Each structure stands twice: as structure tokens, then as C-alpha cells.
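Predicted, not measured: the structure shown is a model, and the values here were computed from it. In what follows, chains are A, B, ... by sequence order, proteins preceding strands, each numbered from 1.
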There are 2 protein chains.
Amino acid sequence: MAKAYERIADELRAEIRAGQLNPGDQLPAESALVERFGKSHVTIREALRVLQTEGLIDKQHGRGSFVRRPRTRVQRTNSRHQWEKGRAREPEEQRLQTGATERDTGLEVNDLVFHASYREIKASKELADAMGVPEGTVLLERTYRTRYSAERAPFSLVTSYLVRERIESNPDLLDETKEPWPGGTWNQLHTVGIEIDRVEERVTARPPTAEEAEELDLPPGTSVLILRKTSYDTEGRVADVSDVTLPGDRTELLFTTHLERW
Amino acid sequence: MAKAYERIADELRAEIRAGQLNPGDQLPAESALVERFGKSHVTIREALRVLQTEGLIDKQHGRGSFVRRPRTRVQRTNSRHQWEKGRAREPEEQRLQTGATERDTGLEVNDLVFHASYREIKASKELADAMGVPEGTVLLERTYRTRYSAERAPFSLVTSYLVRERIESNPDLLDETKEPWPGGTWNQLHTVGIEIDRVEERVTARPPTAEEAEELDLPPGTSVLILRKTSYDTEGRVADVSDVTLPGDRTELLFTTHLERW
DNA sequence: GAGTGGTCTAGACCACTGT
DNA sequence: CAGTGGTCTAGACCACTCC
């Protein structure tokens, strides 16, 4: 005999897939399900939890459980890199116009709330390896949050690392009050003579940690995309390492690869 | 007053992060935790579930709960596309040597168990849009599973779609018993005069469905990467659409983007 | 205040793992 | 068989939402 909570989850899942319950629809109250299936409250909740973990339903305390509606996605492409590189050498008036987030989301500069903070750290083993420097090298760690002014959760959590020694010839680059910097990191690097040649992006996925769920306002039953972006300069050295956490339910990464012709 | 299960989860999480409990270590039995925290079995289990959902612990029925050990990753790069394109024109002896999965995993051909099945379908609206053909166009749907012979779960779930009309001039391409085809899809397309010019890959993440968790042998507290790969031929038409489901806890996608020099 | 989901108890019994 | 986690009950009470 199958477990009761699985049978119940299967039955409700089938109703959702068959379209008896549509996105946005409210499920019967837990007490109603207790009666309908003749099982205890805890068992019913276990069944609903299965569906929640699958991202099929959304439980709201005091309101009810609802069939989840797919969210619109933010697209982040790798063609943005060429665009950002070009922008890094533009005159300041042009650089002020728009940033990468505006490009991804289609929103205006004024719709966005930006926050940055800097601090200096010594490279851990893991970071030192990623950046190709000795352990303990002084790094500038910069954390960024950008959000839509109408929402409370940022689009992503970004932490970027630069080697302090390679940028300190321009003291403005060590000063967080200069943010947001028109033209972004690659313009900043341009001011100290660094040109980016290629970008490597490593992508994995996992459930959010408690802190990430809190900060990105993620409900249970969602995942995060973890992206580590490594930028190499024209001499093959690592210029920047950025760790980005993106909500999986509203982000799509698009990578285009061009091939040599036969 | 904080919820009991959260306090308990916080305390255990802190012990794991502090290194009092190391990867692979067994947690105290649930009955022991009932005594230690003076809470009921159900409450203790709720706390452990929080940690499991975060991917921090791994519960094993009849054995115990353990601090999860990070798994070794399979890396899938976008440089594989250029490699695959080159391989598509090589002589058969060379094409027989190794495939893309061997390249990603570092395993030998003999370590891998391969399975393919074909069927013909009519394009749904969603698929027709993705392939740039009218709804209802006849497509060849091909599903692939490749696994390491020592493991029971495949590395990924792959479904590929081709427009039947554009490949039927070579009847071998409609015959699943010809799989595994040396040189893969791009060699198959080469036999009907199609050259691939660029590849677009769209990546998102979400919790696995029940079926995916079953087939990929994924424990609760993991995510899947969803990758849709669209291959364009030299005339800009869609040659192939492939949907790939990858286990998030053992897959890393690596995309390299080269930029134009200043 | 009525109706919803969330937390919790104290206990029973089941299912799996390893000796 | 002993020890582990998994399922389940019948009930109490709490916390949130909305009218």
C-alpha cells in the first residue's frame, strides 16, 4: 500500500496538470482536505509540502494555498560582455545613460535602486587560486545590490573581487562613495590600463541558503543559480572575479556561441 | 519567542559551519535530539528538514543523518561546440573514438551505457515557435540517456527535436537502431548538408519534478539546471532544439566569451 | 470574528540498515 | 535483533488575512 501523503499529492498534482486547477486557483483548505481524504492534518500538510517543494503550489499563511503562476524572467546574456566592453571607452555622458541591469531588465535608470559597499580582505586559498595570486594577497571586495524600486528584493546578489595593488594607482577605485560608477567595472579597470580579453562564466544550481532566501525573498520550492564570472585581461591575467547569486524562478541566462565556418 | 524548530536548525547549522560537525559526520539520532532539546519527534524532524532543504544534510532511512559532502562535478563547456563541429567532418574511425560525454566526464567509451529512442510528433505551439516552423510540423523527437556503468542514474536527461522534412533525405537518420551515431547529431546533420553556425543556450534552475528526481536519483534538497540548446545553421534557420536536464549538485556549466580587442 | 495555514505534543507503529 | 529514520493520529493552540 502506497503512503497516504504520496497518494494525496499525486491526486492533487494530477488535478493541476489536467487543468482542473489552474495557475492562480486556490486549493481546498487543509481542513477540507482532511475530510475529503480522511487523513490527519499532519498528513495532508505533508502532501502539500511535496507539491510546494516541486514549485507547483504556493502556500500563504492565513490566505490559502494556490497553484503557482510562472514568473516573468530577467534575461542575462553573454553578448552583454561585448556591449560592456564597448561602453567602457565611451564618453561619460554616454556611460551615464544606462547600465547593464537596465539592459537586462528593460527598466529605466530611475526605476532602479543601487547600493554598493567596499572593504579590503586578504585572499583565502580558494579565492587566491581563482585569481591566480598568492594566498593572503590584499583584495578589494565589493558587494552590489540592485533592485526595482517597486520591489523589495534585489535582482541578484553580487560580490566582485579585484587585486588592490593592480588598481590603487587610481584612488577613486578604492572609494565606494564613487559608486555607481558610470560605465561599470570595465571602465574602472580601463582607467588603470586594463583591457578585458575574455570572460569565463561557471554556472551551477542549488537550493538557496536561509540568508539568500531571505535577501532575495524566495519562497520555499525555488532554486538559485550560482554564477562565477572570471574576467581575463589581454595578458591572460585574472582582472576580476565576481560571484553572482540569481533567483532561479525569474532568471534566464542566455549564452550564444559562434562557430568557425567550414 | 522564536519557533522551536528554527532555533534547533540554527544551532545545528552553526555546529556544521563551525566545523564541530564535518562533511560525512553523522548527526545525533533523532531520539537523542528529542532528549537534548526537550521537544517532540515531529519538531526535531521539522528542524532537520530545514537543513535538508538547504542541502546541508543528507538523511538516510535506517542509517542516520549525515553532513553532506560536496559531490564532484561534471563540467560542460561551450568550447565543446567548436570541438563537436570539427569532429563532425572527421573520418569514421576518428569519430568512433570518443563522444561529447566522454570529453565532459573524462571517462572511457566502455564505461558508458548509452540509450536512445526516437518517435515522430507534431510540433506544439511552444516548440514550433522555438524552431521557427508552423505549428503541427512533423518533428523527430529523440530522447537520450547516458550513464556511467557503475552508477544507476544518467548524467542528464536529453530530448532533441529535428524537423523531419529537413533530414529525411537520409533514412538512416530516422532509425534509432543506428544510435549511438559516431560523431553525434552534427555529423548526422552534415550528411544532409546542414552546417551549424551558432548555438544559443538558455539556462534556468528549479527544484526537480518528482519524475526527474526519480530518474536522476536526486535527493531532496537539490536543484536541476534546465538548458535549452538551439543550434542555427549557416542560413540562420533552427537546425536542432535540445532540452537538457542536469543535476545541479554535480554539474558545472562553463561558458567562455571572447571579446574583440581594442 | 471566521477562516486560513503553522506549530507542537505524546504517543504508536512501520520500514530500512547493519550486526 | 537493536537502532535508525518515516509515517501517522487526534487533538490543542498560535498567527496571519480579510471582512
Side-chain angles (χ1 to χ4, degrees), chain A residues 1-13 16 21 24-68 152 210 213-214 217-222, chain B residues 1-13 16 21 24-68 152 210 213-214 217-222:
Chain A
M1 174 200 145
K3 290 159 229 167
Y5 77 92
E6 285 184 355
R7 274 195 304 100
I8 296 167
D10 287 349
E11 191 163 331
L12 293 172
R13 191 188 299 110
I16 292 171
L21 288 165
D25 282 1
Q26 181 165 8
L27 273 73
E30 293 182 0
S31 55
L33 295 171
V34 165
E35 292 221 347
R36 167 166 159 199
F37 291 103
K39 295 289 167 182
S40 76
H41 185 195
V42 171
T43 301
I44 295 297
R45 287 177 53 73
E46 185 67 26
L48 293 180
R49 192 195 301 265
V50 169
L51 301 180
Q52 187 180 29
T53 302
E54 290 170 14
L56 266 182
I57 68 168
D58 184 19
K59 307 186 78 179
Q60 296 180 35
H61 193 177
R63 301 219 316 128
S65 298
F66 301 84
V67 179
R68 186 177 280 173
R152 65 170 235 257
E214 166 64 23
D217 196 19
L218 292 172
T222 55
Chain B
M1 175 202 144
K3 289 159 229 168
Y5 78 91
E6 284 185 355
R7 273 195 306 100
I8 296 168
D10 287 348
E11 191 163 331
L12 294 172
R13 190 189 298 110
I16 292 170
L21 289 165
D25 282 1
Q26 181 165 8
L27 274 73
E30 294 183 0
S31 55
L33 295 172
V34 165
E35 292 220 348
R36 168 167 158 198
F37 291 102
K39 294 288 168 183
S40 76
H41 186 194
V42 170
T43 301
I44 295 297
R45 288 177 54 71
E46 185 66 27
L48 293 180
R49 191 195 301 265
V50 169
L51 301 179
Q52 187 181 28
T53 301
E54 290 169 13
L56 267 182
I57 68 168
D58 185 18
K59 306 186 79 178
Q60 296 181 34
H61 194 176
R63 300 220 316 129
S65 298
F66 301 84
V67 180
R68 186 176 281 172
R152 64 172 236 257
E214 165 66 24
D217 197 19
L218 291 173
T222 54

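- The side chain of A:His41 lies closest to C:dT7, out of D:dT9, D:dT7, C:dT7.
- Atom CD1 of B:Ile44 is separated from atom P of D:dG6 by 13 Å (rounded to the nearest Å).
- With distances taken from any side-chain atom of A:Ser65 to the nucleotides C:dA10, C:dG5, D:dT7, the minimum falls on C:dG5.
- If you check D:dA10, C:dG5, C:dT7 against the side chain of A:Glu30, the one that comes closest is C:dG5.
- To the nearest angstrom, C1' of D:dC18 lies 12 Å from CZ of A:Phe66.
- Here the P atom of nucleotide C:dA15 and the CZ atom of B:Arg63 are 20 Å apart, to the nearest Å.
- Rounded to an integer number of Å, the gap from B:Leu48 CG to C:dC8 P is 14 Å.
- Rounded to whole Å, the distance from CZ on A:Arg7 to P on D:dT7 is 14 Å.
- In this structure, CZ on A:Arg49 lies 10.5 Å from OH on A:Tyr5, to the nearest 0.5 angstrom.
- B:Val34 has its side chain out of reach of B:Lys39: every pair of non-hydrogen atoms, C-beta onward, lies at least 4.5 Å apart.
- Between C:dG6 and A:Lys59, a contact under 4.0 Å exists linking OP1 or OP2 to a side-chain N or O.
- B:Leu56 CG to B:Leu12 CG: the interatomic distance, rounded to the nearest 0.5 Å, is 10.0 Å.
- Atom CZ in A:Arg49 sits roughly 8 Å away from atom P in C:dT7 (whole-Å rounding).
- Within 4.0 Å (heavy atoms only), A:Gln60 reaches sugar-phosphate atoms of the nucleic acid but no base atom.
- Going from atom CG of B:Leu27 over to atom P of D:dT4 covers 13 Å, rounded to whole Å.
- Residue B:Ser31 has its side chain nearest to D:dT4 when only D:dT9, D:dT4, C:dC8 are considered.
- Each of A:Gly64 and A:Val42 has a nearest nucleotide on DNA chain C; the 5'-most of these lies closest to A:Gly64.
- One finds no salt bridge joining B:Glu46 and B:Lys3 here, because no Lys/Arg side-chain nitrogen approaches an Asp/Glu carboxylate oxygen to under 4.0 Å.
- Candidate nucleotides D:dC18, D:dG5, D:dG11 were compared by shortest atom distance to the side chain of B:Arg45, and D:dG5 ranks first.
- If you take CG of A:Asp58 and P of D:dC16, they are 17 Å apart, rounded to a whole angstrom.
- Proximity of A:Tyr5 to the phosphate of D:dT7: a side-chain N or O atom is located under 4.0 Å from OP1 or OP2.
- Residue A:Leu33 holds its CG atom at 7.0 Å from CG of A:Leu27, rounded to the nearest 0.5 Å.
- Stacking between A:His61 and the base of D:dA15 is present: ring centres sit under 5.5 Å apart and the planes differ by under 30 degrees.
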